[in-house]
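These notes are about the structure you will find just below.
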Amino acid sequence: MTSTSIMTPCRAAKEALSRGDIQTIEHAGIHLTLSSSEHQGYKVVYHENPLHSLVNSANEFFTDIAFLESNADLDEVRLEMRAQITYAISQGIR
């Protein structure tokens, strides 16, 4: 494999990053996300303050993209995007 991306809010991301396999891939990137899939909920990476406009009552990203687009607080979006990028870099994604 020569390229891949990782979605840091996904449960499997921590396992993939901890194995170190992704760091050996020539082109590894970050797939930023603010939504959950219908089959699996994704939790925020940012943990300093609640991000109420981005998550449901289970503290998972919304699955309804239109709802997110209409209700997301841009400051909360920035905090979460930075957290995802910072986490990926701290785990060896360059």
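For the numbers below, each heavy atom of this structure counts, side chains included, while hydrogens, waters and symmetry mates do not. Starting from 1, each residue takes its place in the sequence as its number.
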Task: Over all atoms of both residues, closest heavy-atom pair of Y42 and S37 - done: CE1-N, 3.8 Å

Task: For T8 against Y87, the heavy-atom pair lying closest together - done: CG2-CD2, 3.7 Å

- [ ] Check side chain to side chain contact (heavy atoms under 4.5 Å, CB included) between A12 and all other residues, then give those that pass, not counting sequence neighbours.
- [x] none

Open item on the list: If I compare all heavy atoms of Q84 with all of V45, which pair ends up nearest, and what's the gap?
Closed with: CG-CG2, 3.7 Å

TODO: Calculate, to the nearest 0.5 Å, the distance between atoms CZ and CG belonging to R78 and L51 respectively.
DONE: 13.0 Å

Task: Which residues share a side chain to side chain contact (heavy atoms under 4.5 Å, CB included) with T86, sequence neighbours left out - done: none

- [ ] Would you give the length of the straight line joining atom CG of D64 to atom CG of N56, rounded to the nearest 0.5 angstrom?
- [x] 11.0 Å

- [ ] Work out which heavy atom in L54 is nearest to a heavy atom in A72; give both atom names and the distance.
- [x] CD2-CB, 3.8 Å

Task: Donor-acceptor contact below 3.5 Å, side chain T63 vs main chain S36 - done: no

- [ ] Working to the nearest 0.5 Å, report the span between OG1 of T33 and CD1 of I6.
- [x] 13.0 Å

Open item on the list: Is any side-chain heavy atom of I85 closer than 4.5 Å to one of I89?
Closed with: yes

Open item on the list: Quick one, L34 and L32 - any side-chain contact, counting heavy atoms below 4.5 Å?
Closed with: no

Open item on the list: Donor-acceptor pair, distance only, cut-off 3.5 Å: does the side chain of E80 make one with the backbone of V44?
Closed with: no

Task: By side chain to side chain contact (heavy atoms under 4.5 Å, CB included) - contacts of D73 (at least two apart) - done: S53, D75, E76

Open item on the list: Test your reading of the model: is there a side-chain donor-acceptor pair from K43 to the backbone of A58, 3.5 Å cut-off?
Closed with: yes

